[in-house]
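Report on one structure; see the data block that follows.
Being a predicted model, the structure only gives us computed values, none of them experimental. Just so you know, these numbers use all the heavy atoms, side chains as well, and skip hydrogens, waters and symmetry mates. A note on names: the letters A, B, ... follow the listed sequences, proteins ahead of strands, and every chain is numbered from 1.
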Amino acid sequence: MDKEPYHIWISEIMLQQTQVETVIPYYERFLSALPTVAALANADEAVLLKLWSGLGYYSRVRNMQKAAIQIMTEHGGVFPSTAKDLQTLSGIGPYTAAAIASISFGEVVPALDGNMFRVFARLLKIDADIAQPSSRKLFYTRILPIVDPVRPGDFNQAIMDLGTSLMRAKAETKSESPFARFNLSFQDGTELTYPIKSKKVKQIPKFYAAIISETSGALAYEQRPKTGLLANFWTFPLLEFDSWDAIYDGVSAQYPDAKQLTISPVTHLFTHQKWQVMLVQVDKIEEKWTYLTDEAYDVLPQTTLQLKLQAALKEMQ
DNA sequence: CACACGTGGGC
DNA sequence: TGCCCAAGTGT
């Protein structure tokens, strides 16, 4: 099995909040383009974002490059080998540090991710709210003595496998399961109430006009701010309004010739926002917009939102 | 501590 | 549709 820390690191970061099936092609492509820590440290941001386009949580790849630079400059190009040292790197928190330390270097630490929280909350009936950061210490203390001292990496991966197979969030243990006799919550019928998790984020509705402005075969784009949501990505110019109904009149006030291109909104969900976007064509050419041909645009990193807007525009034509 | 930060899939 | 889930970290 591949235990190369650079490889484990990339896969663990990609797998944060992301399904295995989604990650595989990204992983192969990333490793081919940037095979070493040094290559990652020296890569252009546009190359990084292009390799990550569509994966989401784009700060992950920016932090990976920061960490690669840290490894080259502060660690002489040698990958840190303990969970404690790994956690000093950008984008590496307690979970990823433990995963790399146990898998690549054999350190005996539990890699506490969503799966491990769920598996042990059920097996041991741990009532702590996993949405509370303070609960991590309690789980860590309970699980540490259980980690296989000889094969900690295999232990961590096995627990995660258990969490994605027999002990998925909505899967109940069957009485013939070999795990039934270890599973306290199964024995008293409370399994699906674990893990205890309080947090619920609501998605705030947002309304935008996406401006379609064309001149000599090129369309208008804007680069998003360098911090915040979809930082530095290129999208059609976006104007925000308070409601869906306010969009068309609002755009018309600035651009009297505005033409509404979409009847129903292009919708896009983020973790905490729900966007509804109307495509609006205008004749005016604004200096603040950057006009790019399709060829020039295609080499830039694109978000899934922008791909949806492009697809909707193409359907109009 | 609470919240920002993407995307895709299941029901 | 709306809500939950999926290999978290930074601020």
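Rounded to whole Å, the distance from CH2 on A/Trp9 to P on C/dT9 is 13 Å. A/Asp113 places its CG atom 15 Å from the P atom of C/dC5, with the value rounded to the nearest Å. Regarding A/Leu15, its CG atom lies at a distance of 14 Å from the P atom of C/dA6, rounded to whole Å. Rounded to a whole Å, the CD atom of A/Gln273 is 16 Å from the P atom of C/dG2. The OH atom of A/Tyr194 sits 16 Å away from the P atom of C/dC5 (whole-angstrom rounding). The CZ-C1' distance, from A/Phe270 to B/dG8, rounds to 14 Å in whole Å. Distance A/Phe233 CZ to B/dC5 P: 14 Å, rounded to the nearest Å. Put simply, CD on A/Gln203 is 13 Å from P on B/dC5, counting in whole angstrom units.
Contacts of A/Ser134 with the nucleic acid, taken as non-hydrogen atoms under 4.0 Å apart, involve only primed sugar atoms and P, OP1 or OP2. The residue A/Lys274 sits close only to the backbone: its heavy atoms come under 4.0 Å of sugar-phosphate atoms, none of a base. Among the heavy atoms of the strands lying under 4.0 Å from A/Gln132 are primed sugar atoms or P, OP1, OP2 only; no base atom is included. No engagement by A/Ile13 is indicated, since no non-hydrogen atom pair under 4.0 Å with the nucleic acid exists. Residue contacts shown for A/Val20 include a base, since a base heavy atom lies under 4.0 Å away. Using a 4.0 Å heavy-atom distance criterion, A/Arg136 is classed as making no nucleic acid contact.
Between the side chains of A/Gln16 and A/Thr96, a donor-acceptor pair is found at a separation under 3.5 Å. No side-chain donor from either of A/Ser243 and A/Asp245 sits under 3.5 Å from a side-chain acceptor of the other.
Here A/His272 reaches the OP1 or OP2 of B/dC5: one of its side-chain N or O atoms lies under 4.0 Å away. Distances shown here put a side-chain N or O of A/Thr96 below 4.0 Å from the OP1 or OP2 atom of C/dT9. At C/dG8, one or more side-chain N or O atoms of A/Gln17 fall inside 4.0 Å of OP1 or OP2 (strictly under the cut-off). Neither OP1 nor OP2 of C/dA6 sits under 4.0 Å from any side-chain N or O of A/Arg168.
Candidate nucleotides C/dT9, B/dT7, B/dG8 were compared by shortest atom distance to the side chain of A/Leu230, and B/dT7 ranks first. If you check C/dG10, C/dA6, C/dG8 against the side chain of A/Asn63, the one that comes closest is C/dG10. Of the listed nucleotides (B/dC5, B/dT7, C/dC5), B/dT7 has the atom at the smallest distance from the side chain of A/Tyr58.
Evaluated for a side chain to side chain donor-acceptor pair (under 3.5 Å) with A/Tyr255, the options A/Lys284, A/Glu286, A/Gln281 yield exactly one hit, A/Glu286.
Annotation: B/dG6 and C/dT11 have their P atoms spaced 14 Å apart (nearest Å). The same atom, P, is picked in C/dA6 and in B/dC5; the two are 23 Å apart, to the nearest Å. The P atoms of B/dC3 and C/dC4 are separated by 15 Å, rounded to the nearest whole Å.
Between A/Tyr6 and A/Phe79, the ring centre distance reaches or exceeds 6.0 Å. Separation of the A/Phe236 and A/Tyr221 ring centroids falls under the 6.0 Å cut-off. Remark: aromatic rings of A/Tyr297 and A/Trp234 are distant, center separation not under 6.0 Å.
In plain terms, the two heavy atoms of A/Ile71 and A/Val78 that are nearest each other are CG2-O, 3.7 Å.
How far CG of A/Leu162 is from CZ of A/Phe120: 8.5 Å, rounded to the nearest 0.5 Å.
Using a 4.0 Å cut-off on heavy atoms, the residues of residues 33-57 of chain A that approach DNA chain B are A/Gly54, A/Leu55, A/Gly56, A/Tyr57, listed by number.
No N or O donor and acceptor, one from the side chain of A/Thr304 and one from the base of B/dG6, sit under 3.5 Å apart.
Map A/Ser135 and A/Thr303 each onto its nearest nucleotide of DNA chain B; the residue landing nearer the 5' end is A/Ser135.
Ring geometry, A/Phe270 versus A/His272: the interplanar angle falls from 30° to 60°, so the pair is classed tilted.
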